[in-house]
Amino acid sequence: PGAPVARAHFALGNDNLAAAIADVEGLDTPAKAAAASWLKDARGRLAVDRAARTLTSRVVTALADEAKREPPQTPAPTDAARSMYSRRTS
């Protein structure tokens, strides 16, 4: 089991959880059974990471689409702002 574990360790050190999971899944049955808890947690983390990337991508796309549709508008002055301005200029 040494080589797959070393590859998994290297993959984790390079932020490649998917490769680490694949290496651990390739272990023989006793070693894989010993890593079952880690595999479960790692698969869950990978799913969350993928979902977060997907959500981020969708939000950025939606914001970009919204920005293309409607130019930002300057809010109209309020009555209080108009009143303050007219007092200063009178």
* Asked: Linking I/L/V/M/F/W/Y whenever any side-chain heavy atoms sit under 4.5 Å apart, do Phe10 and Leu39 land together?
  -> no
* Between Leu55 and Val59, is any pair of side-chain heavy atoms under 4.5 Å apart? -> yes
* To do: Taking all non-hydrogen atoms of both residues into account, name the closest pair between Ala20 and Ala8 and its distance.
  => CB-O, 3.6 Å
* Linking I/L/V/M/F/W/Y whenever any side-chain heavy atoms sit under 4.5 Å apart, do Trp38 and Val5 land together? -> yes
* Would you call Asp49-Arg45 a salt bridge at under 4.0 Å N-O? -> yes
* Asked: Are Asp65 and Lys68 side-chain neighbours, meaning at least one heavy-atom pair lies under 4.5 Å?
  -> yes
* Asked: Is the number of heavy atoms from other residues, nucleotides or ligands under 6.0 Å of Arg69 CZ greater than 12?
  -> yes
* side-chain contact (heavy atoms from CB on, under 4.5 Å) partner of Leu12, chosen from Val24, Asp23, Ile21, Leu17 -> Leu17
* Would you please name every residue forming a side chain to side chain donor-acceptor pair (under 3.5 Å) with Arg53, sequence neighbours left out? => none
